[in-house]
Amino acid sequence: MPAPESFTTPRLDAARVTPEHEQFVRAIFTDDRVTATLGGPRDVARVHDDVERWRRHWDDHGYGLWIVSERITGAPVGWTMLHTTETGGAPSVEVGWTIVADRWRQGLAREAGAAATGIGFDALGLDEIVSFTQPHNLASRGVMEKIGFVYDCEVVHADVPHVLYRLDRRTWEKTHG
């Protein structure tokens with residue numbers, strides 16, 4: 001069963017990424033505060049390719065990246081995603097998130113990431129989900145831990161050291177079921 005193309009949380013509306021989101025994604029990838037842990041700024045062509053790749057991921061896998069917007073204003077504030085990965089060894093599904101820097105430390109990443117994680121376990125029936133970030137990204141590591149992910153090991157992703165966290169269905173159900 002595919003993931004829902006949209007969902008809501010108490011403060012957020014989320015919708016499957018479309019070409020209409022490209023300008024917002026481009027704005028995020030020009031903010032040095034955000035791109036410091038995403039491999040650096042991206043030019044217009046790279047952002048276009050990313051959006052197209054994310055759209056194809058939905059078509060190929062039945063889940064992918066959602067743009068998240070503030071429910072009250074409708075303003076986009078970031079994204080969350082479920083995405084295939086082989087980071088850490090075996091093929092798996094990762095959950096990730098990015099929030100505009102001006103909205104950091106408001107719990108939006110945790111809210112969006114937890115919702116995506118729940119979709120992974122509940123709608124997709126996954127047994128395990130991974131998440132990873134660069135070791136110095138303490139904010140994302142904190143979000144992972146608040147959602148319930150547990151540190152597993154150090155890995156290399158995109159030729160850069162990262163830390164890998166894991167969460168299994170049983171642990172998720174104990175804390176969120």
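Quick caveat, the model's predicted, so the values are computed rather than measured.
At least one side-chain heavy atom of Asp102 sits less than 4.5 Å from a side-chain heavy atom of Arg33. Proximity of Thr80 to Leu65: side-chain heavy atoms (C-beta onward) are nowhere separated by under 4.5 Å. Counting heavy atoms from C-beta on, the side chains of Glu70 and Pro76 never come closer than 4.5 Å. Within the 4.5 Å cutoff, the side chain of Glu154 has no heavy atoms near those of the His162 side chain. Looking at heavy atoms from C-beta onward, Leu167 lies in side-chain contact with Phe121 at the 4.5 angstrom threshold. Residues His83 and Val93 have side chains not in contact (no heavy-atom distance under 4.5 Å, counting atoms from C-beta outward). A 4.5 Å side-chain heavy-atom check between Thr133 and Arg141 finds at least one atom pair inside the cut-off. Proximity of Val17 to Arg55: side-chain heavy atoms (C-beta onward) are separated by under 4.5 Å at one or more points.
No donor-acceptor pair closer than 3.5 Å links the side chain of Glu128 to the backbone N or O of Arg169. Between the side chain of His61 and the backbone N or O of Leu82 there is no donor-acceptor pair closer than 3.5 Å. Not a single donor-acceptor pair under 3.5 Å links the side chain of Ser131 to the backbone N or O of Gly96.
Heavy-atom contacts from other residues, nucleotides or ligands closer than 6.0 Å to CD of Glu173 number more than 12. The neighbour count for Arg53 CZ, taken as heavy atoms of other residues, nucleotides or ligands under 6.0 Å away, is above 12.
Listed by chain and residue number, Glu5, Trp58, Asp59 satisfy the side-chain contact (heavy atoms from CB on, under 4.5 Å) test with Arg16 (two or more places apart in sequence, or in another chain). Considering only residues two or more places apart in sequence or on other chains, Ala75 meets the side-chain contact (heavy atoms from CB on, under 4.5 Å) condition with Thr73. Residues satisfying the side-chain contact (heavy atoms from CB on, under 4.5 Å) test with Ser6, not counting sequence neighbours, are none.
Smallest separation of non-hydrogen atoms from Val68 and Ala112: CG1-CB, 4.2 Å. The shortest heavy-atom contact between Ile147 and His176 is O-CE1, 3.2 Å. When all heavy atoms of Leu124 and Ala3 are compared, the closest pair comes out as CD2-N, 3.6 Å. When all heavy atoms of Val34 and Ala101 are compared, the closest pair comes out as CG2-N, 3.8 Å. In terms of heavy-atom proximity, Ala115 sits nearest to Thr9 at CB-CG2, 3.7 Å. Pairing each heavy atom of Thr171 with each of Asp168, the nearest pair is N-OD1, 2.8 Å.
For the residue pair Tyr165/Glu145, the side-chain donor-acceptor check at 3.5 Å is satisfied.
Of the residues Trp54, Trp97, Trp66, the one that meets the ring-ring contact (aromatic ring centres under 6.0 Å, His included) test with Trp79 is Trp54. If you run side chain to side chain contact (heavy atoms under 4.5 Å, CB included) between Arg42 and each of Val47, Thr30, Val25, only Val47 comes through.
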*Derivation and outcome, side chain to side chain contact (heavy atoms under 4.5 Å, CB included), residues Trp172 and Asp122*: CA-CA 10 Å; Trp172 174 261; Asp122 300 336; 4.2 Å; yes
*Go through the steps to decide whether Phe149 and Thr117 satisfy the test side chain to side chain contact (heavy atoms under 4.5 Å, CB included), and finish with yes or no.*
CA-CA 10 Å; Phe149 285 82; Thr117 300; 3.9 Å; yes
*Before giving the answer on side chain to side chain contact (heavy atoms under 4.5 Å, CB included), spell out for Tyr151 and Met144 the whole-Å C-alpha distance, their side-chain angles and the decisive distance to 0.1 Å.*
CA-CA 9 Å; Tyr151 173 82; Met144 292 174 199; over 6 Å; no
*Would you please test Asp31 and Val100 for side chain to side chain contact (heavy atoms under 4.5 Å, CB included) and show each step?*
CA-CA 8 Å; Asp31 187 327; Val100 296; over 6 Å; no
*asked:* Please determine whether side chain to side chain donor-acceptor pair (under 3.5 Å) holds for the pair Gln23 and Arg26, giving the CA-CA distance in whole Å, both sets of side-chain angles, and the decisive distance to 0.1 Å.
replied: CA-CA 5 Å; Gln23 183 176 355; Arg26 192 176 313 131; 5.9 Å; no
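Ile119 CD1 to Met81 CE: the interatomic distance, rounded to the nearest 0.5 Å, is 14.0 Å. For the atom pair NE2 (His48) and CG (Asp43), the distance works out to 12.0 Å, reported to the nearest 0.5 Å. Note that CG of Asp13 is 5.0 Å distant from CZ of Arg71, once rounded to the nearest 0.5 Å. Interatomic distance, His21 NE2 to Ser69 OG, rounded to the nearest 0.5 Å: 6.0 Å. Atoms CG and CD, from Leu164 and Glu94 in turn, are 9.5 Å apart once rounded to the nearest 0.5 Å. Distance check, rounded to the nearest 0.5 Å: NE2 of His157 to OG1 of Thr85 gives 6.0 Å.
Val150 and Phe132 are assigned to two separate hydrophobic clusters, defined by single-linkage of ILVMFWY side chains at heavy-atom distances under 4.5 Å. Hydrophobic clustering (side-chain heavy atoms under 4.5 Å, transitive across Ile, Leu, Val, Met, Phe, Trp, Tyr) keeps Ile28 apart from Val44. One hydrophobic cluster, built from ILVMFWY side chains closer than 4.5 Å, cannot hold both Val143 and Val130; they sit in different ones.
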